[in-house]
Amino acid sequence: MRVHFWGVRGSLPAPQLPSQFRSKVSAILERLTADDIKTPENRERFLATLPPWLFGTVGGNTPCVTVSCDSTRDMIVFDAGSGLREFGVAALKEKPKRDHFHIFFSHFHWDHLQGLPFFNPAYDPSVTVDFYSPMKNLETALHGQMTSPYFPVHMESMGSKKTFHQLADPLPLGDLMITHKKMNHPGDSYSYKITEGERSFIFATDTELSANDFLKTDENTTFFNEADCIVLDSQYTLGEAIEKYNWGHSAFSLAVDFVANWGIKQLILFHHDPTYDDRKLYNILQSARWYMERMNIKGVEILLAMEGMEIQL
Ligand SMILES: [Zn+2]
Ligand SMILES: [Zn+2]
């Protein structure tokens, strides 16, 4: 399985502000010496010394994560945030053409839908798009955002072969098995788990972890126990999570406790707050790793979800 991140931001898109860009350039120039630009090799060496929050960005698009695997050309997509537009552009360039997409929705808040009208492959009559959600209003929710006065193009204008599936049972797709689980979020949200042989991946955005999620019930154990990787809502610092109780998102430290509780091997911090700049997000990553060490949690790798990042499972 290959997991690719196209949008990692929560709540609404958060492009880099001109002031943030200027302060990055300024901070880079402060570090620069005449020696650093003497040769192309020196320049590359200098760039390699810059911290990732300065040389790069976490990205501003809202949630969209794709999963591909060797056993099929079909592409699995989790959520249709603004990152879906970028994925659509990349998919159209692929050769041979990718012509079957399975799009799973965690829920229908705007940040998880807003990329769909801009997903170019969905307008191609030779393409098949299957939409999935355990929620019964899947089709009306997707049509609803492509209706006047909100958007000038109706979903019927998407020429692809579209099918809407209300999920109830585990879904086999080729060699993959996809299961879902209801999570704690205003209006509910759903997590998805893909299992391929011995490997498993969980997409769990927009969830406010609670004591129930830590209980060793059969349902929790089957879904979470010893998964290889989880993309997990970790929008807040602990202080904010207390302030924003019942807003439907989790603190990064609770996300660390959660993966330790379930023996999950890799934690990818996700659904970044739109008000956090790159430096703050890297501070959160450092804090999460520091917290893991302090709690003496072993065998867990913690990463920050970034646009363009790809992991292999
Ligand atoms: Zn969200
Ligand atoms: Zn939400």
Salt bridge D277-K280, side-chain N to carboxylate O under 4.0 Å: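 Salt bridge flag = no for K280 with D277.
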Identified side-chain hydrogen bond (donor to acceptor under 3.5 Å, both in side chains) partner of D233 from the options H272, H185, H249: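 Filter result, single survivor: H249.
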Test item: T62 side-chain N/O and G81 main-chain N/O as donor-acceptor pair under 3.5 Å: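 Side chain of T62 to backbone of G81: no pair is present.
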Side chains of Y291 and D257, donor plus acceptor under 3.5 Å: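 A pair is found: one side chain offers a donor N or O, the other an acceptor, under 3.5 Å apart.
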Geometric class of the F108/F105 ring pair [parallel <30°, tilted 30-60°, perpendicular >60°]: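 The arrangement is tilted - the two ring planes meet at 30° to 60°.
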Backbone N/O of C229 and side chain of Q266: donor-acceptor pair under 3.5 Å: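 No; zero donor-acceptor contacts below 3.5 Å.
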Check: M75 and H100 side chains under 4.5 Å, non-hydrogen atoms: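 They are not in side-chain contact.
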Face-on cation placement of K24 at F21 ring, 6.0 Å and 45° thresholds: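 Cation-pi check for K24 and F21: fails.
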F214/F258 aromatic ring centres below 6.0 Å: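 Yes, close enough.
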Any donor-acceptor pair under 3.5 Å from T207 side chain to A204 backbone: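 It does not hold such a pair.
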Reported CD-to-SG distance for the pair Q312 and C69, which is rounded to 0.5 angstrom: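 Going from the CD atom of Q312 to the SG atom of C69 covers 10.5 Å.
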Short side-chain donor-acceptor distance under 3.5 Å, T57 and D278: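 T57 and D278 do have a side-chain donor-acceptor pair below 3.5 Å.
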Side chain to side chain contact (heavy atoms under 4.5 Å, CB included) assessment of K265 paired with V300: CA-CA 5 Å; K265 296 166 197 80; V300 179; over 6 Å; no
Main-chain N/O of E156 paired to H154 side chain as donor or acceptor, under 3.5 Å: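 Yes; at least one donor-acceptor contact below 3.5 Å.
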Spacing of OH belonging to Y132 relative to CD1 belonging to I103, to within rounding of 0.5 Å: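 Rounded to the nearest 0.5 Å, the OH-CD1 separation comes out at 10.0 Å.
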Donor-acceptor side-chain pairing of T39 and N42 below 3.5 angstrom: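 Yes, N42 and T39 have a side-chain donor paired with an acceptor closer than 3.5 Å.
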Side-chain heavy atoms of L285 within contact of I302, under 4.5 Å: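 When only atoms from C-beta onward are counted, I302 and L285 do touch, with a gap below 4.5 Å.
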Closest non-hydrogen atom pair between L116 and L84, with its separation: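 Smallest heavy-atom distance, with atoms named: CA-CD2, 3.7 Å.
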Flag for K216-N225: side-chain donor and acceptor within less than 3.5 Å: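 No, because no side-chain N or O of N225 sits under 3.5 Å from a partner of the opposite role on K216.
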Side-chain donor or acceptor of Q166 paired with backbone N/O of P134 under 3.5 Å: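 Yes; judged by distance alone, with no hydrogens or angles, the pair exists.
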Residue pair N220 / N212: nearest heavy atoms and the distance that separates them: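 Taking N220 first and N212 second, the nearest heavy atoms are ND2-O, 2.8 Å.
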E310 side chain to R2 backbone, donor-acceptor under 3.5 Å: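 Not a single qualifying donor-acceptor pair exists.
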Cationic N near anionic O, under 4.0 Å, D36 to R31: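 No, this pair does not count.
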Donor-acceptor pair between D206 and Q235 side chains, under 3.5 angstrom: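 Short answer, no.
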Heavy-atom closest pair, residues A227 and I202: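 Shortest heavy-atom separation between A227 and I202 comes out as CB-CD1, 3.7 Å.
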Side-chain heavy-atom pair L171, M177 within 4.5 angstrom cut-off: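 Result no, sub-4.5 Å side-chain heavy-atom pair not found.
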Matching residue for F87 among F78, F118, W6 - test: ring-ring contact (aromatic ring centres under 6.0 Å, His included):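 Running ring-ring contact (aromatic ring centres under 6.0 Å, His included) over F78, F118, W6 with F87 returns exactly one hit, W6.
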Reported CD-to-NE2 distance for the pair Q145 and H143, which is rounded to 0.5 angstrom: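 These two atoms lie 11.0 Å from each other.
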Path from W53 to F270 over hydrophobic side-chain contacts below 4.5 Å: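 Cluster IDs for W53 and F270 match.
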Step-by-step side chain to side chain contact (heavy atoms under 4.5 Å, CB included) determination, L176 to T195: CA-CA 6 Å; L176 309 177; T195 309; over 6 Å; no
S26 (side chain) donor-acceptor with R22 (main chain) under 3.5 angstrom: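 Side chain of S26 to backbone of R22: no pair is present.
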D74 side chain reached by T128 side chain, heavy atoms, under 4.5 Å: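 T128 does not reach D74 side chain to side chain.
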Heavy-atom neighbours of R289 CZ exceed 12 at 6.0 Å: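 Yes, because the 6.0 Å sphere around CZ of R289 holds more than 12 heavy atoms from other groups.
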Polar contact flag, side-chain donor to acceptor under 3.5 angstrom, H165-D130: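 Distance-only check passes for H165 and D130.
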Distance-only donor-acceptor check, side chains D35 and T33, under 3.5 Å: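 Note: D35 and T33 side chains miss the donor-acceptor criterion.
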Distance in Å, L269 CG paired with L232 CG, rounded so as to fall on 0.5 Å steps: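 Reported to 0.5 Å precision, the distance equals 8.0 Å.
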Qualifying residue for side-chain contact (heavy atoms from CB on, under 4.5 Å) with I76, from T66, V3, I178: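 The side-chain contact (heavy atoms from CB on, under 4.5 Å) with I76 is passed solely by I178 among T66, V3, I178.
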R73 vs E94 side-chain heavy atoms within contact, under 4.5 Å: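 Yes; the side chains approach each other to less than 4.5 Å.
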Spacing of L304 atom CG and L267 atom CG [to the nearest 0.5 Å]: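 Between atom CG of L304 and atom CG of L267 there are 10.0 Å.
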Any side-chain heavy-atom pair of S200 and E226 under 4.5 Å: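 In short, these two side chains do not touch, never coming nearer than 4.5 Å.
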Donor-acceptor pair, side chain of K182 and main chain of Y190, under 3.5 angstrom: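 Answer holds: no.
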Output field: ring centroids Y192/F203 closer than 6.0 Å: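 Ring-ring flag for Y192/F203: false, centres at least 6.0 Å apart.
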Shortest non-hydrogen separation from P121 to G88 and the atoms involved: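 Reported closest heavy-atom pair: CD-CA, 3.7 Å.
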Main-chain N/O of K162 paired with S160 side-chain donor or acceptor, under 3.5 Å: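 No; zero donor-acceptor contacts below 3.5 Å.
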Which atom of V77 lies closest to which atom of C64, heavy atoms considered: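 So the minimum-distance heavy-atom pair works out to CG1-SG, 3.9 Å.
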Chi angles and distances behind the side chain to side chain contact (heavy atoms under 4.5 Å, CB included) call for T205, D79: CA-CA 10 Å; T205 190; D79 279 344; 3.6 Å; yes
Greater than 12 external heavy atoms within 6.0 Å of K97's NZ: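 Correct, the count exceeds 12.
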Transitive ILVMFWY side-chain link L12 to V65, under 4.5 Å: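 L12 and V65: separate clusters.
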Spacing of NZ belonging to K244 relative to CG belonging to N246, to within rounding of 0.5 Å: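 Rounded to the nearest 0.5 Å, the NZ-CG separation comes to 14.0 Å.
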Flag, side chain of N184 to backbone of E208, donor-acceptor distance under 3.5 Å: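 Side chain of N184 to backbone of E208, a donor-acceptor pair under 3.5 Å: yes, one is there.
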Side-chain heavy atoms of S157 within contact of M146, under 4.5 Å: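 A side-chain contact is absent here, since even the closest heavy-atom pair is not under 4.5 Å.
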Note, F223 side chain near W262 side chain (heavy atom, < 4.5 Å):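 No, too far: nothing below the 4.5 Å cut-off.
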